[in-house]
Undergrad: 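The structure that follows is given in the form of structure tokens.
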Amino acid sequence: MQRCVIIGGGHAGAQACTSLRREGWTGQIILLTDEDSLPYHRPPLSKTYLQNKVSAQQLLIRPLNAYRKDDVEVKLNTRVERIEPAIQSIVLQTGERLSYDKLLICTGSRARKADCMGADLNNVFYIKTLKDIEKLSASINSEKGKPNKRRIVMVGGGYIGLETAAVLKKMGHDVSIIERESRLLARVTAQSISSFYHKLHKSNGIKIFTDTNVIAFQGKGTVSTVLCEDKVIPADIVVVGIGAKTNVELAKSAGLLIENDGIVINELCQTTDNNIYAAGDCTIGIEHHSGLATRIESVPNALEQAKTAAATICGKHKPVTAVPWFWSDQFDCKIQIAGLNQGYDETILRQCNEQALSLWYLKQGKVIAADCINCAKEFMAAKKIIALKLPIPKETLLNTDIDLFQALAQLTQPS
């Protein structure tokens, strides 16, 4: 009987188990994860789970019985030591060997660690796994003799940092954000979106320090202050959200091609080895709509790539063609992002009201991406425009009185 081994228990790994059976794989499926939990939904970790609104059991992508029903063997607390492509085998940290006919790497990424002095002090936390959130939650609620309100410093003003800061503020804590760039979300969005979120967080009582570099976390055993170049910020807790580092070490040591910290794959999620595939945050490939070689770190992309990889393993041709999309919830605002904005040369802002707007990214006059805040209809329109490469006149985008859905209907109706 043939065997497919999946390394990684994130969204991609969990989806691959389901998709392999749906695509007709009749052989063995073994899912390996180094965590002590079945695959779980990660976006709620820094939101509902941190607020104790859901249990760890409720976070599970699929219950244990679902894996059993699909005849999937799940090995928890299992770390892979190396891959040996020449003999189609993997070696576990325990020394055990597992042969494979097909191997799917879904190793994802890990939180990027702070490299300043004092980074190893107690009460410095990260946002990535179930264990990370449980440690943070335990620290927030541990000192019974002290007031519930804690001074929390969030290092990093990207989406993860802002989401976590918003939740901590809603929980009643004194929250400060430190961002080394000149504005929030500087690496992923344009100025107008950065300004919107700066105003949103500031109006909710969060202190924001941009153009600020962390020199050290200070304290005796436990963090008490964050030392910056021009200021010292008191802190009971520090949360670091400065991005992620891809887990490509196994693939690299196995001789697979790695570029820009990603496992290189084609449109069918095949690596440079005929029997090894990859999906999720650890990969880099040519994005279907932009033609750019890029790493897309999002749950929707991980799911789409897992479906494609499973189909390819089963001898089918189902390349990823979905428009990349992302989302973020902060306070009462939801941003939905369609497409990739790399290389844009123009932006158009559609301001519906103070709490609802969309920013459209254009390249040589064509829409390549859109950031939509509290504008679900415009987000759906953006996905369609990008998917079909529809030529939307600038005058249409500039006129907020025009319903984009109606404009699309006219453009796509049969002639």
Side-chain angles (χ1 to χ4, degrees), residues 41-48 50-51 53-54 154 156-171 175 177 179 183-206 208 241 296-301 322-341 344 346-362 367-387 390 392 394 396-409:
H41 291 284
R42 295 177 189 261
L45 287 177
S46 59
K47 306 177 188 72
T48 51
L50 181 57
Q51 297 177 81
K53 291 183 177 180
V54 296
M154 184 77 227
Y159 282 116
I160 292 295
L162 296 182
E163 288 176 359
T164 308
V167 169
L168 291 168
K169 186 62 184 179
K170 286 198 290 186
M171 291 172 69
V175 181
I177 297 173
E179 171 54 53
R183 58 185 175 88
L184 301 176
L185 302 170
R187 291 176 291 277
V188 294
T189 194
Q191 177 68 57
S192 54
I193 301 297
S194 294
S195 298
F196 177 91
Y197 277 105
H198 191 113
K199 181 180 177 182
L200 175 67
H201 283 259
K202 192 172 180 180
S203 67
N204 278 280
I206 292 178
I208 302 170
I296 301 175
E297 300 175 62
S298 74
V299 171
N301 181 67
V323 173
W325 65 279
F326 317 81
W327 82 93
S328 176
D329 296 313
Q330 300 167 40
F331 294 110
D332 57 350
C333 291
K334 175 185 284 291
I335 184 169
Q336 294 168 292
I337 303 163
L340 303 176
N341 66 18
Y344 71 91
E346 184 181 3
T347 61
I348 293 176
L349 180 66
R350 288 172 60 86
Q351 184 88 44
C352 302
N353 56 57
E354 234 179 72
Q355 293 298 309
L357 58 90
S358 62
L359 184 71
W360 296 72
Y361 298 87
L362 281 68
V367 172
I368 59 171
D371 296 339
C372 306
I373 300 174
N374 296 334
C375 289
K377 284 180 67 177
E378 302 228 334
F379 166 68
M380 296 303 294
K383 287 179 71 176
K384 190 170 185 179
I385 290 168
I386 296 166
L390 296 176
I392 300 296
K394 291 182 187 177
T396 301
L397 291 175
L398 287 166
N399 189 345
T400 55
D401 291 330
I402 294 178
D403 186 312
L404 288 180
F405 271 113
Q406 292 181 1
L408 288 180

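Since the model is a prediction, treat every value here as computed from it, not as a measurement.
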Undergrad: Roughly how far, to the nearest 0.5 Å, is the OG1 atom of Thr400 from the CG atom of Leu357?
TA: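 So the CG of Leu357 and the OG1 of Thr400 are separated by 11.5 Å.
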Undergrad: Where the side chain of Asn341 meets the backbone of Tyr361, is there a donor-acceptor pair that is under 3.5 Å apart?
TA: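 No, the answer is negative, given that no donor and acceptor are paired below the 3.5 Å cut-off.
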Undergrad: Show the nearest heavy-atom pair for residues Val167 and Ser46, with the distance to one decimal.
TA: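 Between these two residues, the closest heavy atoms are CG2-O, 3.2 Å.
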Undergrad: What's the spacing between His198 NE2 and Ile208 CD1 if we round to 0.5 Å?
TA: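 One finds 4.0 Å between NE2 of His198 and CD1 of Ile208.
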Undergrad: What are the two closest non-hydrogen atoms of Ser298 and Trp325, and how far apart are they?
TA: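 Nearest heavy atoms, Ser298 then Trp325: OG-O, 3.8 Å.
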Undergrad: Would you compute the distance between atom SG of Cys372 and atom NZ of Lys383 and round it to the nearest 0.5 angstrom?
TA: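 Taking SG in Cys372 and NZ in Lys383, the distance rounds to 11.0 Å.
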Undergrad: Is there a side-chain contact between Phe326 and Asn301 in this structure, where contact means two heavy atoms from C-beta onward sitting under 4.5 Å apart?
TA: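 Sidechains of Asn301 and Phe326: no contact.
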Undergrad: Could you tell me the separation between the OG1 atom of Thr396 and the CD1 atom of Ile348, rounded to the nearest 0.5 Å?
TA: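 Reported value, rounded in 0.5 Å steps: 9.5 Å.
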Undergrad: Is there a side-chain contact between Leu50 and Leu168 (heavy atoms, below 4.5 Å)?
TA: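 Yes. Closest side-chain heavy atoms under 4.5 Å.
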Undergrad: So, do Phe196 and Gln355 sit near enough that their side-chain heavy atoms are less than 4.5 Å apart?
TA: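 Yes. Closest side-chain heavy atoms under 4.5 Å.
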Undergrad: Is any side-chain heavy atom of Arg42 less than 4.5 Å from a side-chain heavy atom of Val299?
TA: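 Side chain of Arg42 against side chain of Val299, heavy atoms only: no contact under 4.5 Å found.
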Undergrad: Counting C-beta onward and ignoring hydrogens, is there a side-chain heavy-atom pair between Asp403 and Lys377 closer than 4.5 Å?
TA: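 They are in contact (side-chain heavy atoms under 4.5 Å apart), so the answer is yes.
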Undergrad: Please report the interatomic distance CD1(Ile160) to CG(Leu162), rounded to the nearest 0.5 Å.
TA: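 Interatomic distance, Ile160 CD1 to Leu162 CG, rounded to 0.5 Å: 9.5 Å.
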Undergrad: Give me the one residue out of Glu179, Arg183, Lys199 that meets side-chain contact (heavy atoms from CB on, under 4.5 Å) with Ser194.
TA: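 The option that passes is Arg183.
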Undergrad: Side-chain contact test, heavy atoms from C-beta onward, threshold under 4.5 Å: evaluate it for Gln330 versus His201 and give yes or no.
TA: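 A side-chain contact exists here, since the closest heavy-atom pair is under 4.5 Å.
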Undergrad: Can you name the closest pair of heavy atoms from Asn204 and Leu200 and give their distance?
TA: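 In terms of heavy atoms, the two residues are closest at ND2-O, 2.8 Å.
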Undergrad: Report the distance from atom CG of Asn374 to atom NZ of Lys334, rounding to the nearest 0.5 Å.
TA: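 Reported value, rounded in 0.5 Å steps: 9.0 Å.
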Undergrad: Under 4.5 Å between any side-chain heavy atoms of Leu362 and Leu397, yes or no?
TA: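 Yes, their side chains come closer than 4.5 Å.
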Undergrad: Could you tell me whether a side-chain N or O of Arg350 sits under 3.5 Å from a main-chain N or O of Leu359, the two making a donor and an acceptor?
TA: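 Such a contact is absent between Arg350 side chain and Leu359 backbone.
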Undergrad: Might you point out which heavy atoms bring Pro300 and Trp327 nearest each other, and give the distance in Å?
TA: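 Smallest interatomic distance, heavy atoms only, reads CD-CZ3, 4.0 Å.
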Undergrad: Ignoring hydrogens, what is the shortest heavy-atom contact between His41 and Pro44? Give both atom names and the distance.
TA: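 It is O-CD, 3.5 Å.
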Undergrad: Shortest non-hydrogen contact from Gln336 to Ala376?
TA: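 In terms of heavy atoms, the two residues are closest at OE1-CA, 3.5 Å.
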Undergrad: I'd like to know if the side chain of Tyr197 reaches the main chain of Tyr159, judged simply by a donor and an acceptor atom lying under 3.5 Å from each other, with no hydrogens or angles considered.
TA: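 Side chain of Tyr197 to backbone of Tyr159, a donor-acceptor pair under 3.5 Å: no, none is there.
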Undergrad: Testing Ile193, Leu185, Val188 one by one against Asp371 for a side-chain contact (heavy atoms from CB on, under 4.5 Å), which residue passes?
TA: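 Result: among Ile193, Leu185, Val188, Ile193 is the only option passing the side-chain contact (heavy atoms from CB on, under 4.5 Å) with Asp371.
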